[in-house]
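Residue numbering restarts at 1 for every chain, and letters A, B, ... go by the order of the sequence lines. Quantities reported herein were computed from a predicted structural model and do not represent experimental measurements.
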2 protein chains.
Amino acid sequence: MRGEQTPRLREALEDDIVAGRLKPGQRLDEVGLAERFGVSRTPIREALIQLSSSGLVEIRPRRGAFVVLLGPRELIESFELMAEIEASCGRLAVQRMGPSDREAISEAHETCRIAAAAGDEEAYYPANARFHGAIYAATGNRVLAGEALRLQRALQPYRRLQLKVPRRVEASFAEHQGIVDALFADDGPRAAERLRAHVLVQGERFMTLLAALQAESEALEDAG
Amino acid sequence: MRGEQTPRLREALEDDIVAGRLKPGQRLDEVGLAERFGVSRTPIREALIQLSSSGLVEIRPRRGAFVVLLGPRELIESFELMAEIEASCGRLAVQRMGPSDREAISEAHETCRIAAAAGDEEAYYPANARFHGAIYAATGNRVLAGEALRLQRALQPYRRLQLKVPRRVEASFAEHQGIVDALFADDGPRAAERLRAHVLVQGERFMTLLAALQAESEALEDAG
DNA sequence: GTCAACAATCATGTATGCAAGATTTTCTCT
DNA sequence: AGAGAAAATCTTGCATACATGATTGTTGAC
């Protein structure tokens, strides 16, 4: 056995969670994961601890590790934090982005346009992540960009649940257009405001969906 | 042996780092720490992994764990992130703070005043942390407040090095006064701007100090 | 039939053992 | 004596073992 299992395991689990193969609330059995990856519990535990620090996993003492399931309040608060950070990124990006940053943003935006025009939600997700990532990178602040990326991933499992919101992709792309316009007009405050609104409205859309789902499940409970 | 060593160890190490008893760049030997705390390496390792995720420790594969020593660039970037988050907190606090929040801010501010008037740097530190913490809490957003607190602690070891900057405490308190004025005048944008400036200027002061220290050490090298 | 208590089972938390990479020391050659 | 290579030492990364708290299943009483 030649070293460095933990990073690989962390990434694999992270991918599984972000991609939705491991669902929020699901329990992560150490022995099961150890068998699945062909390692002992030790590196699995270390990977889980790292994931708990990045917000994707919750470890309850003596109870085990669970894929984080944010409650409504935490979700709202997380989206608000995300909105604030994205707004900051937008303002700073306007001040500092160079030609290659503009190119990266334009390119990701075009990829979004294609996916949106085709109504291809599966393609829109990664394009959207790249678009926002390009804005983070354009700030030139790696610490800030790293925080933004971490939060983006932590919230990804919940964005995934928005699949059924009608015309979601079209609305998102229209907002992107407004953001790009502000960025390329070197209007920092406007870019910040539009990014903030873009993220907050996502959160709100999600909460609406959540309320609908809860009402539905309660109706089922009453019926059953 | 009755469970749950890891959290205790994490807190103890965190305190040591934040309080400066473990200095940036210092190596953290697993065996040594295990002996010191009277446990095996396993919970020590887990605590170190957690600290690495919260930004206080850096783990280099096969090399060991080190108290994080941010380079100039990372320091500037971290202070900028902190400034953005604090600005957001200020703006949101104006929108949402209740009477008890105002009281907590006032109280912490008065404690700062006393420490500043006495020129008591040791007392000013915790009072300053409480003042900022009261603003985070006033946002009503626990996720945001948690992030702000995490960053505050990650940067604490570097703030500590500013001890020798002349009239630092007086300048800081004067800035606090401006922040409080804006907050209590319900002027969100102004509070945000003043908080941003307050944190950024701290970073700049620190960088100036750092440059001076480096010049000094280089002069010593040349002489020796 | 339901609930409670107890026993058996299971998973986690920690300790210990071992292999491999990193570091330091020593030895050799120039 | 200094530089480089080889060996000894040390430390980390992972595997395994074991004890304790959690969970589940069973039995018995009401």
Enquirer: What does the list of N/O pairs under 3.5 Å between the protein and nucleotides 22-25 of chain D look like, with a distance for each?
Expert:
{"residue": "D:dT23", "atom": "OP1", "partner": "A:R63", "partner atom": "NE", "Å": "2.6"}
{"residue": "D:dT23", "atom": "OP1", "partner": "A:R63", "partner atom": "NH2", "Å": "3.0"}

Enquirer: Return the value, rounded to whole Å, for the distance between atom CD1 of A:I44 and atom P of D:dC14.
Expert: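 One finds 11 Å between P of D:dC14 and CD1 of A:I44, rounded.
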
Enquirer: Using modelled atom types and a 3.5 Å cut-off, is there a donor and acceptor pairing between side-chain atoms of B:D120 and backbone atoms of B:A115?
Expert: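 No, because the side chain of B:D120 does not come within donor-acceptor range (under 3.5 Å) of the backbone of B:A115.
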
Enquirer: Just list the side-chain donor-acceptor pairs under 3.5 Å for residues 31-40 of chain A, sequence neighbours left out, or say none.
Expert:
{"residue": "A:R36", "atom": "NH2", "partner": "A:D16", "partner atom": "OD2", "Å": "2.6"}
{"residue": "A:S40", "atom": "OG", "partner": "A:T42", "partner atom": "N", "Å": "3.3"}

Enquirer: Measure CZ/A:R60 against C1'/C:dA11 and give the value in whole Å, please.
Expert: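 It works out to 14 Å between those atoms.
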
Enquirer: Hey, what's the ring geometry for A:H176 with A:H132, parallel, tilted or perpendicular (30° and 60° as the breaks)?
Expert: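 The arrangement is perpendicular - the two ring planes meet at more than 60°.
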
Enquirer: Show each protein N/O and nucleotides 8-10 of chain D N/O combination with a separation under 3.5 Å, one pair to a line.
Expert:
none

Enquirer: Could you list the donor-acceptor pairs under 3.5 angstrom formed by side chains in residues 53-61 of chain B, with sequence neighbours left out?
Expert:
{"residue": "B:S53", "atom": "OG", "partner": "B:I49", "partner atom": "O", "Å": "3.2"}
{"residue": "B:S54", "atom": "OG", "partner": "B:L51", "partner atom": "O", "Å": "3.3"}

Enquirer: I need the CG-C1' distance between B:L48 and D:dG13, as an integer number of Å.
Expert: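 Result: 14 Å.
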
Enquirer: Side chains of A:Q156 and A:R153 only: does a donor on one sit below 3.5 Å from an acceptor on the other?
Expert: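 No donor-acceptor contact under 3.5 Å links the two side chains.
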
Enquirer: In whole Å, I'd like the distance from the CD1 atom of B:I59 to the P atom of D:dT11.
Expert: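 Whole-Å distance recorded here is 17 Å.
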
Enquirer: Can you tell which of C:dG13, D:dT11, C:dT16 lies closest to the side chain of B:S40?
Expert: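 Looking only at side-chain atoms, B:S40 lies closest to C:dT16.
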
Enquirer: Taking OP1 and OP2 of C:dT14, is either one under 4.0 Å from a side-chain nitrogen or oxygen of B:T42?
Expert: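 For B:T42, the contact criterion (side-chain N or O under 4.0 Å from OP1 or OP2 of C:dT14) is not met.
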
Enquirer: With a cut-off of less than 4.0 Å, is there a side-chain N or O of B:R45 near OP1 or OP2 of D:dG13?
Expert: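 Result: yes.
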
Enquirer: If you assign A:P7 and A:R41 each to the DNA chain D nucleotide with the nearest heavy atom, which residue ends up on the more 5' nucleotide?
Expert: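 Checking each residue's closest nucleotide, the 5'-ward one belongs to A:P7.
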
Enquirer: Whether A:T6 contacts D:dG13 is assessed here as follows: a side-chain N or O lying under 4.0 Å from the phosphate OP1 or OP2. Is that the case?
Expert: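 No, because none of the side-chain N or O atoms of A:T6 sits under 4.0 Å from OP1 or OP2 of D:dG13.
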
Enquirer: Side chains of A:E121 and A:R168: closer than 4.5 Å at any heavy-atom pair?
Expert: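 A side-chain contact exists here, since the closest heavy-atom pair is under 4.5 Å.
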
Enquirer: What is the distance, rounded to the nearest whole Å, between atom CD of B:E30 and atom C1' of C:dT14?
Expert: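 In whole Å, C:dT14 C1' and B:E30 CD are 14 Å from each other.
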
Enquirer: Of all residues at least two apart in sequence or in a different chain, which pass the salt bridge (charged side-chain N to carboxylate O under 4.0 Å, His left out) check with B:E46?
Expert: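 In terms of salt bridge (charged side-chain N to carboxylate O under 4.0 Å, His left out), with neighbours along the sequence ignored, B:E46 is linked to A:R45.
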
Enquirer: Could you tell me whether the side chains of A:R8 and A:Q5 share a donor-acceptor contact shorter than 3.5 Å?
Expert: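 Indeed, the side chains of A:R8 and A:Q5 share at least one donor-acceptor pair under 3.5 Å.
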
Enquirer: If you only use heavy atoms from C-beta on, which nucleotide in C:dT14, C:dG13, D:dC14 is closest to the side chain of B:P43?
Expert: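 Given the options C:dT14, C:dG13, D:dC14, the side chain of B:P43 is closest to C:dT14.
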
Enquirer: Under 4.0 Å between a side-chain N/O of A:R27 and OP1 or OP2 of C:dT12, yes or no?
Expert: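 So the side chain of A:R27 is within the cut-off, an N or O lying under 4.0 Å from OP1 or OP2 of C:dT12.
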
Enquirer: Quick one: B:F37 CZ to C:dT14 P, roughly how many Å, whole number?
Expert: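 In whole Å, C:dT14 P lies 14 Å from B:F37 CZ.
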
Enquirer: Any donor and acceptor pair, going by atom type alone, linking the side chain of A:T111 with main-chain N or O of A:E107 inside 3.5 Å?
Expert: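 Such a contact is found between A:T111 side chain and A:E107 backbone.
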
Enquirer: Just the rounded figure in Å: distance from C1' of D:dG13 to CD1 of B:I49.
Expert: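 Atom-to-atom, B:I49 to D:dG13, this comes out as 10 Å.
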
Enquirer: Once salt bridge (charged side-chain N to carboxylate O under 4.0 Å, His left out) is applied, what residue pairs with a partner in residues 86-95 of chain B remain, sequence neighbours excluded?
Expert: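 Pairs touching residues 86-95 of chain B that pass the test: A:E84-B:R91.
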
Enquirer: How many whole angstroms separate atom CG of B:L33 from atom P of D:dT12?
Expert: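 The distance from CG of B:L33 to P of D:dT12 comes to 9 Å, rounded to the nearest Å.
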
